[in-house]
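These figures come from a predicted structure and were not determined experimentally. Quick note on labels: first sequence line is chain A, next is B, and so on, each numbered from 1.
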Amino acid sequence: MSLLVKTRFAPSPTGHLHVGGARTALYCWAFAKANSGEFLLRIEDTDQKRSSDEATVGFFNDLEWMNIDWDEGPEFKGSGGGDEGPYYQSQRLEIYKTKLQLLLDSGSAYFAFETQEELNEERKKARAEKRAYRYNRASLELSSETIEQYLSEGKPRVVRFKVPDGGPLTVHDSVVGDVTIERSEVDDFVIFKTDGYPTYHFAVVVDDGMMNVTHVIRGQEHLNNTFKHILLQEAFGIKPPVYVHLSLIFNPDGSKMSKRDKDKTLRKFVKENGIDSPPKGCITQDAWDLWQSSKDKQLGTQDASVLGKTLGITLPEINVEDFKSEGYMPEVLMNYLCLLGWSPGNDIEQFDAEFLVEHFSFDRVVKSPAKFDRAKLLAFNLDALQKLTSEEFASKLFVWCQEYAPEFAALENFSLFASANHERSKTYKDAIMTSQFLIEDDEAITWPESKPVKKALLKGEVTGLSRMPIIIECFTSLEEWTNETIDSCLHSLAESLADGSLGKVAQPIRIAVAGGPVSPPIVDTLVLLGKESTIRRLERCHEYFASTCDV
RNA sequence: GGUCCCAUCGUCUAGUCAGGUCAGGACACCAGGUUUUCAUCCUGGGAACAGGGGUUCGAAUCCCCUUGGGAUCACCA
């Protein structure tokens, strides 16, 4: 018995799961759940040149991180399974061949022998004449003897679908509405390639049909392809699914958000800064040369991120993995991505997966494209982080640190580190970015002579630096190094040295121990650092400025 | 260029299908305030129906045109 609703997400594993794909997967998942249906995952790896197993596992991990599970498909950590596999298209070749024979037998498909070069010539010509290119059906005119001969010679050939005569074609789309074109707009497209693999059009129709998919939810770039699909469905006698085409997601500048953005950012930076060889310990000279040889040669994902890190630039977040490593919560990315094209109404913007499943429907999906606004995502992440209890925050931050900042995960007093950073972090990464001094050696701290440093240490009638010896003395005399003792020490220091102004005392200390004007609340910072390090850093700072400046 | 899709504050959007509240919210921005730094937090503010025609007593909402943006036109998916 077939289900009322079965959606599917069918990525081709050519890279990482990017946010556009993630949103599509999310809508597929949510719609299936909302209607007590099933969500199917299928891997479209018929492009042998571009697919890889590594990328496929990456997709599984990204999906899992987003809390998107699938009822049917490749088996992975509790997701997947089902009776209508295999769920890798590369393993379904025999099925496609059988189905292809059906079309060949009925005359709905035919062999074609033109080379790519010949076809490209035709395309150029069409473009020059300002008309759309259509395959001219030359191979359809071939005699059966010629075809037999070519076939036995092993002449490279493809199989084309013969578009039957008839009237206009209409796609019924639940979001876009009805879309109609003239049948003459569709030419005899290729359904089987020279390498013996089916094209996307063929495989997707066969699989969706056999796997009883009821709703096809995908990006709007597929809208024009859908006419081919309904033609194929007609030839096979397959009932068309409900179609839903989603608008695209763009960068703030209006360009399409794509994997190439990282490459573009790197190129721009390298060019603007006149860097003409790979920085040390980064990427190989060969990789660099190849990359610089052409704009079409993109750097590998790994190389790109290493180069970005070395150059000290943040590459634009495009993939789900990027947001994970930047320290966003998966629930927040889910929430924000959903909002790009769908809203529950009633001025509700922040919600969880349960709410989504309860309220999701296509009649509230927007047709127009959306720009990805990182600032809003960041604001949502802050809100979500602040709603966590300190225990929840600490354990989530710990998991993140284990993967992306092990030196912080190894911190003795991790829970204090977490609570000291909870309120002031917009992402997990924020916590470690303003606490680098915690893992640095006491002797490695340096003090740049920036404005805030000078202001706290060297400006004013009584300078911060001049108070340092007394502060050191006071700290040294403390028998216990706790929140309370440090706090009372600080307050008495403020009373005696600066008319009760805590800032006058706290800020010089902060700069001395952190090497800069930013750190967690001062008491937390000092407890975290320990008495010994605190005093050592104060001393070093005092010596450094006393010897280099006129005080 | 052909075909198709889209159009409300800077951004995401509510309102459009069933025309009738100074077009609502969020993010961002600006101005104040709280705070031992940064970040939070609080208060207030400016900010949009792309343009032009219709239909109607009445149009963001329905129709047409223009303009702008986008997708696609592969043996990639």
Practice prompt. May I ask which nucleotide in the shown strands pairs with C73(B), Watson-Crick or G-U wobble, both distances under 3.5 Å?
Written response: G1(B)
Worksheet item: Side chain of K426(A), base of A39(B): donor and acceptor closer than 3.5 Å?
Response: no
Worksheet item: For C76(B), does either OP1 or OP2 sit under 4.0 Å from a side-chain N or O belonging to S12(A)?
Response: no
Discussion item. For A512(A), is there any backbone N or O sitting under 3.5 Å from a side-chain donor or acceptor partner on W447(A)?
Written reply: yes
Worksheet item: So, is K367(A) near the phosphate of C17(B), with a side-chain N or O under 4.0 Å from OP1 or OP2?
Response: no
Discussion item. Should the side chain of T194(A) and the base of C75(B) be counted as holding a donor-acceptor pair, with the cut-off at 3.5 Å?
Written reply: yes
Practice prompt. Establish, with yes or no, whether the OP1 or OP2 oxygen of G10(B) is under 4.0 angstrom from a side-chain nitrogen or oxygen of K371(A).
Written response: no
Worksheet entry | side chain to side chain contact (heavy atoms under 4.5 Å, CB included) between I217(A) and F362(A), worked out | CA-CA 10 Å; I217(A) 306 162; F362(A) 292 129; 3.4 Å; yes
Item to complete: Return no unless some side-chain N or O of R23(A) is found under 4.0 Å from OP1 or OP2 of C12(B).
Response: no
Worksheet item: Closer than 4.0 Å, any side-chain N/O of S501(A) to the OP1 or OP2 of U36(B)?
Response: no
Worksheet item: Counting just side-chain N and O atoms, does R123(A) come under 4.0 Å of either OP1 or OP2 of C75(B)?
Response: yes
Worksheet entry | Who pairs with A7(B) - Watson-Crick or G-U, where each distance is under 3.5 Å | U67(B)
Worksheet entry | Salt bridge flag under 4.0 Å for residues R374(A) and E326(A) | no
Discussion item. Distance alone, cut at 3.5 Å: any donor-acceptor contact between the side chains of Q89(A) and R92(A)?
Written reply: no
Discussion item. Suppose we define a pair by two distances each less than 3.5 Å, Watson-Crick or G-U wobble; what does G58(B) pair with here?
Written reply: none
Discussion item. Any base atoms under 4.0 Å from I522(A), or only sugar-phosphate, or nothing? Heavy atoms, all strands.
Written reply: base
Practice prompt. Indicate, with a heavy-atom threshold strictly under 4.0 Å, whether E185(A) touches base, sugar-phosphate, or nothing.
Written response: sugar-phosphate
